[in-house]
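Predicted model only: the values in this text are computed from it and were never measured.
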2 protein chains.
Amino acid sequence: MKVSDGSTRPPALLVGQTYPAGCSARIVLDHVSSKWGVLILLALSDGSHRWSELRRRTDGISEKMLAQTLKTLEGDGFVRRDAHAVIPPRVDYSLTGRGEEVAALLKPLTEWVAEHADEILER
Amino acid sequence: MKVSDGSTRPPALLVGQTYPAGCSARIVLDHVSSKWGVLILLALSDGSHRWSELRRRTDGISEKMLAQTLKTLEGDGFVRRDAHAVIPPRVDYSLTGRGEEVAALLKPLTEWVAEHADEILER
DNA sequence: CGGGATCCAAAAAGATACTG
DNA sequence: CAGTATCTTTTTGGATCCCG
């Protein structure tokens, strides 16, 4: 008899490992802790922003990566997208409740890094 | 008269932005929050481990990326490398004080993600 | 065992042009 | 303005060989 639940993903925890490759935690962690994911979650942590604002605030990001990262974060339910039917178009992005939760956890990390970065890189 | 301090890196903060591209905070943040950086800091947060252990614990990592990530984290002063002059060679990796600090900040994030990942990805 | 060096294939990121 | 489509460049990863 088959006991598989049909999932193709590895379990969340294996003894002696951090997380198995391809497990759900690794997938979501990659989204959240990705180079641009962190910065966008951070940029949205002080409220709603438009596409063009996010592009400026997230210095150095390409349009492609902004679109891609926003879609990923929206797909994970971290970011809400509000498109207004006006001309010229206006789209606002903001954090969901779930997004606020991770952003709150991200914040201490980024603050610690910002405080110590110069010291870390000197030499 | 020139007032530059000789640094080629942007300042740590600019109004209306998260962090400027290429600034020290962004550089260190990329190291810490990188796909493998997070997992290795996490793997070391419960104590010292050997190369081969880290390779197994960090499921899916290649030798190349393990070496590269360890060097980066060592260069940033997050990881300490202890090579014992024995045959066969034995090298232990552990967190420095600074490494413990970031790992402590990383932990709540990874735990939150591990707890919610399945729910986030379902559908 | 714990790597470093090299070469190649694949994937991710970036730049740019174009569109509703 | 807010993207999409396309092309190029960079980064990553795997495999292999070598060495102390």
Quiz item: Is the phosphate of C:dG2, meaning OP1 or OP2, less than 4.0 Å from a side-chain N or O of B:Arg50?
Solution: yes

Exercise. Tell me which of B:Pro89 and A:Tyr93 sits closer to the 5' end of DNA chain D, going by the nucleotide each one is nearest to.
Key: A:Tyr93

Quiz item: Which nucleotide in the set D:dG13, D:dT4, D:dA2 lies at the smallest distance from any side-chain heavy atom of B:Lys64?
Solution: D:dG13

Practice problem: With sequence neighbours left out, write down each residue that passes salt bridge (Lys or Arg N to Asp or Glu O under 4.0 Å) with B:Glu119, or none if nothing qualifies. | Solution: A:Arg98

Quiz item: Can you tell which of C:dG3, D:dG14, D:dA2 lies closest to the side chain of A:Arg81?
Solution: D:dA2

Quiz item: Does a salt bridge link B:Asp76 with B:Lys71, judged by any charged N lying under 4.0 Å from a carboxylate O?
Solution: no

Self-check item: 5'-most by nearest nucleotide on DNA chain C - B:Trp51 or A:Met65
Solution: B:Trp51

Practice problem: Map A:Pro88 and A:Lys71 onto DNA chain D by nearest heavy atom, then report which one ends up closer to the 5' terminus. | Solution: A:Pro88

Practice problem: Find the distance B:His84:NE2 to C:dG3:C1' and express it as a whole number of Å. | Solution: 15 Å

Quiz item: Please walk me through it: do B:His84 and B:Asp92 pass side-chain hydrogen bond (donor to acceptor under 3.5 Å, both in side chains)?
Solution: CA-CA 8 Å; B:His84 307 284; B:Asp92 288 315; 2.8 Å; yes

Exercise. To the nearest Å, give me how far apart CD (B:Gln68) and P (C:dA5) are.
Key: 12 Å

Quiz prompt | Residues which pass ring pair (Phe, Tyr, Trp, His ring centres under 6.0 Å) with B:Trp51, listed by chain and number, not counting sequence neighbours | solution = none

Quiz item: Side-chain N or O of B:Arg55 less than 4.0 angstrom from OP1 or OP2 on C:dG2?
Solution: no

Practice problem: Compare side-chain N and O positions of B:Ser52 against OP1 and OP2 of C:dG2 and report whether any pair is under 4.0 Å apart. | Solution: yes

Practice problem: Taking only the side-chain nitrogens and oxygens of B:Trp36, find out if one of them lies under 4.0 Å from OP1 or OP2 of D:dG13. | Solution: yes

Quiz item: When the distance from CG of A:Leu54 to P of D:dC1 is rounded to whole Å, what number comes out?
Solution: 14 Å

Quiz item: To the nearest Å, how far apart are A:Arg90 CZ and D:dA2 C1'?
Solution: 12 Å

